[in-house]
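A quick note: this is a predicted structure, and the numbers were derived from the prediction, not measured. Residues: numbered from 1 along the sequence shown. Indexing begins at 1, ligand by ligand and atom by atom, following the structure's order.
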Amino acid sequence: MASGSGSNFEALVAACRGGQLAATVCQLVVNNPGCGAEQRAARLGVPCMLHDHRCYASREALDQALIASFQAAGVELVVMAGWMRIVTQALIDAYPERLINIHPSLLPSFRGAKAIEQALAAGVKLSGCTAHLVSLEVDTGTILVQAAVPVLEADSVASLAARIHAQEHRILPLAVQLAAERLDLV
Ligand code: GRF
């Protein structure tokens with residue numbers, strides 16, 4: 001599931017194809033037509049389905065459509081790889097212990113939107129990223145993997161984001177592998 005540039009989606013595809021992750025990315029869903037993730041899917045030959053949230057009456061209706069897509073594709077585990085929508089209990093219940101999110105902070109610090117801006121404003125010297133199982137409350141749930149990065153004196157949002165992104169691409173495949181092993185999927 002992706003809403004934006006899709007670099008985490010591509011990292012997952014690369015990890016599967018490179019043999020570091022015993023999985024197959026069988027489908028991408030996006031909610032923003034023409035987003036970077038959609039373009040990456042076309043380049044990588046991964047089937048992509050658009051579920052534009054603007055076309056659904058409620059969050060629940062969107063999630064029900066997502067579940068139907070996943071079931072049709074035989075999906076066993078779902079990754080929110082930059083999914084900028086709040087999900088409902090319906091999606092969480094459809095994929096218990098197998099719905100993973102990636103967030104650009106060391107949770108439980110700096111939950112919600114603009115986590116990188118929040119870290120800079122707080123003046124922390126260390127930040128990072130967290131891959132975790134999804135619970136109803138945004139950016140909570142069992143932590144699977146974290147990576148820390150230094151926050152440098154001269155950092156801008158862009159420079160800190162780039163440092164964090166590099167670590168997201170490393171830990172997200174690890175988190176998927178870990179979640180799958182916990183469930184005996186591999
Ligand atoms: C990442 O920073 C992730 O932590 C957040 O959204 C961003 C997605 O980036 N949830 P990308 O679309 O994977 O490049």
Side-chain angles (χ1 to χ4, degrees), residues 1-18 20-21 23 25 27-44 46 48-53 59 62-63 66 77-87 91-92 95 99-122 124 126-151 155-176 178-179:
M1 301 165 66
S3 301
S5 123
S7 67
N8 280 285
F9 155 71
E10 182 157 358
L12 283 173
V13 174
C16 293
R17 293 183 178 172
Q20 295 97 35
L21 173 57
V25 180
Q27 187 184 55
L28 173 71
V29 296
V30 299
N31 64 310
N32 289 321
C35 65
E38 189 178 71
Q39 293 163 24
R40 288 179 201 256
R43 172 164 52 78
L44 295 165
V46 175
C48 179
M49 188 165 280
L50 170 66
H51 286 289
D52 188 336
H53 59 279
R59 293 189 193 282
L62 171 63
D63 283 359
L66 294 173
L77 189 147
V78 178
V79 181
M80 293 164 51
W83 183 252
M84 304 310 282
R85 308 293 306 166
I86 292 172
V87 298
L91 185 61
I92 295 166
Y95 289 91
L99 178 61
I100 297 171
N101 183 45
I102 182 82
H103 181 76
S105 78
L106 290 175
L107 291 174
S109 292
F110 313 130
R111 294 167 50 205
K114 300 200 178 293
I116 295 168
E117 287 86 341
Q118 290 183 55
L120 284 173
V124 294
L126 270 183
S127 190
C129 48
T130 304
H132 64 96
L133 295 174
V134 174
S135 296
L136 196 54
E137 216 179 330
V138 172
D139 300 327
T140 66
T142 303
I143 291 173
L144 295 171
V145 187
Q146 291 184 304
V149 303
V151 180
D155 263 336
S156 61
V157 171
S159 63
L160 181 54
R163 198 172 305 121
I164 290 174
H165 263 126
Q167 293 305 311
E168 289 184 343
H169 301 161
R170 195 174 65 80
I171 70 166
L172 189 53
L174 293 175
V176 173
L178 190 62

Check your understanding: Where is the nearest protein heavy atom to atom 9 (O) of ligand 1: which residue, which atom, and how far?
Key -> His165 NE2, 3.3 Å

Practice item. Identify the protein heavy atom lying closest to atom 5 (C) of ligand 1, giving its residue, its atom name and the separation to 0.1 Å. Key: Ile102 O, 3.8 Å

Review point. Can you find a non-hydrogen atom of Ala2 under 4.0 Å from ligand 1?
Key: no

Please report the interatomic distance [atom1]([X]) to [atom2]([Y]), rounded to the nearest 0.5 Å.
| X | Y | atom1 | atom2 | result |
| --- | --- | --- | --- | --- |
| Leu160 | Ser127 | CG | OG | 5.5 Å |
| Glu10 | Arg43 | CD | CZ | 4.0 Å |
| Thr142 | His132 | OG1 | NE2 | 10.0 Å |

Identify the two heavy atoms, one from [X] and one from [Y], that lie closest to each other, and give their separation to 0.1 Å.
| X | Y | value |
| --- | --- | --- |
| Pro173 | Leu21 | O-CD1, 3.7 Å |
| Met84 | Ser3 | N-OG, 2.8 Å |
| Glu168 | Asn8 | OE1-ND2, 3.0 Å |
| Val30 | Glu38 | CG2-OE2, 3.8 Å |

Point to revise | From the candidates Gly6, Gly4, Gly36, Ala113, the one that places a heavy atom nearest atom 12 (O) of ligand 1 | key: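 Selected option, by shortest heavy-atom distance: Gly6.
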
Should [X] be counted as touching ligand 1, given the test is an N or O pair under 3.5 Å?
| X | result |
| --- | --- |
| Met84 | no |
| Trp83 | no |
| Asn101 | no |

Can you sort out which atoms of ligand 1 are near [X], meaning under 4.0 Å from one of its heavy atoms?
| X | value |
| --- | --- |
| Ser7 | 11 (P), 12 (O), 13 (O), 14 (O) |
| Gly82 | 6 (O), 8 (C), 10 (N) |
| Glu168 | 1 (C), 2 (O), 3 (C), 4 (O) |
| His103 | 4 (O) |

Revision key, fill the gap. In Val134, Val145, Leu172, Val78, the residue satisfying side-chain contact (heavy atoms from CB on, under 4.5 Å) with Ile100 is Leu172

